[in-house]
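To keep things clear, I will list the structure first and then write my remarks on it.
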Amino acid sequence: MAATTERRWPAAMLASVLALPAQAESVACHVTYGGETRVISAAATTTPQAVAPLAIGSYFLFRIFFRKEPADLAAIKLYTFADRDEGPTIIHQSTHAYPPPPATVHGFSGLQFVYEPVRDGELQYWCELKDAS
């Protein structure tokens with residue numbers, strides 16, 4: 001009886017470790033506009049239509065779309081829109097591989113500059129992949 005219990009213990013231990021949830025990741029973008037920096041975070045999703053852009057100042061809209069699965073569609077997409085009277089107009093878009101390559105300065109996106117085509121303002125951002133704490 002003891003030998004049977006001893007043989008089952010490693011398998012049960014391995015199964016419990018494999019059943020632990022994977023550490024969640026998010027994309028954190030450091031967005032600067034009008035001298036103010038804020039961090040905007042987004043968790044992974046599979047429904048891009050459900051991700052709404054966030055207002056930055058009175059003219060920019062910023063959207064993060066982070067998809068991990070399925071592997072062939074995995075990507076991080078960043079969008080900046082001009083919030084015009086006739087509706088949002090995309091003025092900047094970038095796509096990054098997931099998982100992104102390691103980066104030491106200004107995350108996986110590098111420091112980006114986006115300019116307002118009408119009001120002559122500037123938005124800066126850089127993004128990084130963060131582990132949930």
Side-chain angles (χ1 to χ4, degrees):
M1 180 87 150
T4 304
T5 304
E6 287 174 8
R7 277 185 265 142
R8 288 185 188 164
W9 183 82
M13 186 64 136
L14 179 61
S16 67
V17 169
L18 293 176
L20 291 175
Q23 192 169 27
E25 294 174 304
S26 65
V27 172
C29 294
H30 305 257
V31 180
T32 302
Y33 178 72
E36 179 186 340
T37 301
R38 63 193 257 201
V39 178
I40 300 169
S41 297
T45 183
T46 57
T47 55
Q49 62 277 16
V51 180
L54 295 173
I56 307 293
S58 62
Y59 191 70
F60 286 114
L61 299 170
F62 191 80
R63 179 176 180 247
I64 304 168
F65 175 62
F66 172 29
R67 182 177 201 146
K68 293 169 61 172
E69 297 175 346
D72 61 330
L73 297 177
I76 300 166
K77 296 184 179 188
L78 309 168
Y79 303 88
T80 307
F81 301 88
D83 192 8
R84 297 188 173 163
D85 291 337
E86 55 277 359
T89 303
I90 192 164
I91 57 175
H92 175 80
Q93 186 266 328
S94 63
T95 301
H96 304 271
Y98 177 80
T104 56
V105 178
H106 299 300
F108 64 80
S109 68
L111 182 59
Q112 301 295 310
F113 295 80
V114 182
Y115 296 96
E116 295 180 42
V118 175
R119 298 180 185 160
D120 199 32
E122 176 186 270
L123 177 138
Q124 298 177 14
Y125 75 86
W126 63 273
C127 301
E128 61 184 327
L129 193 63
K130 296 262 236 188
D131 288 331
S133 303

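What you see is a predicted model, and the numbers here were worked out from it, not measured in a lab.
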Near E69 CD, under 6.0 Å, is it more than 12 heavy atoms from other residues, nucleotides or ligands?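 No, because the 6.0 Å sphere around CD of E69 holds 12 heavy atoms or fewer from other groups.
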Are more than 12 heavy atoms from other residues, nucleotides or ligands located less than 6.0 Å from atom CG of D85?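 Counting neighbours around CG of D85, 12 or fewer heavy atoms of other residues, nucleotides or ligands fall under 6.0 Å, so no.
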Does a side-chain heavy-atom distance below 4.5 Å link V27 with F108?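 Side chain of V27 against side chain of F108, heavy atoms only: contact under 4.5 Å found.
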Would you say R84 and Y59 make side-chain contact, with heavy atoms under 4.5 Å?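 They are in side-chain contact.
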Rounded distance (nearest 0.5 Å) linking atom [atom1] of [X] with atom [atom2] of [Y]:
X	Y	atom1	atom2	answer
Y115	L123	OH	CG	10.5 Å
E25	K130	CD	NZ	12.5 Å
K68	T45	NZ	OG1	12.0 Å
C127	F66	SG	CZ	11.5 Å
T32	F113	OG1	CZ	9.5 Å
S58	D83	OG	CG	8.5 Å

Side-chain heavy atoms under 4.5 angstrom apart, residues restricted to Ile, Leu, Val, Met, Phe, Trp, Tyr: same cluster for [X] and [Y]?
X	Y	result
W126	V31	no
I91	Y33	yes
L54	V114	yes

Work out which heavy atom in [X] is nearest to a heavy atom in [Y]; give both atom names and the distance.
X	Y	answer
P53	L61	CB-CB, 3.9 Å
A28	H30	O-CD2, 3.9 Å
L78	C29	CD2-SG, 3.9 Å

Non-neighbouring partners of Q112 that pass side chain to side chain contact (heavy atoms under 4.5 Å, CB included), sequence neighbours left out: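 H92, Y125.
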Is the side chain of R63 donor-acceptor paired with the backbone N or O of V51 at a distance under 3.5 Å, no angle test?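 Between the backbone of V51 and the side chain of R63 there is a qualifying donor-acceptor contact (under 3.5 Å).
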What's the verdict on side chain to side chain contact (heavy atoms under 4.5 Å, CB included) for I56 and I40, showing C-alpha distance, side-chain angles and the deciding distance? CA-CA 10 Å; I56 307 293; I40 300 169; 3.5 Å; yes
Can you list the steps and then say if R67 with Y98 is a side chain to side chain contact (heavy atoms under 4.5 Å, CB included)? CA-CA 8 Å; R67 182 177 201 146; Y98 177 80; over 6 Å; no
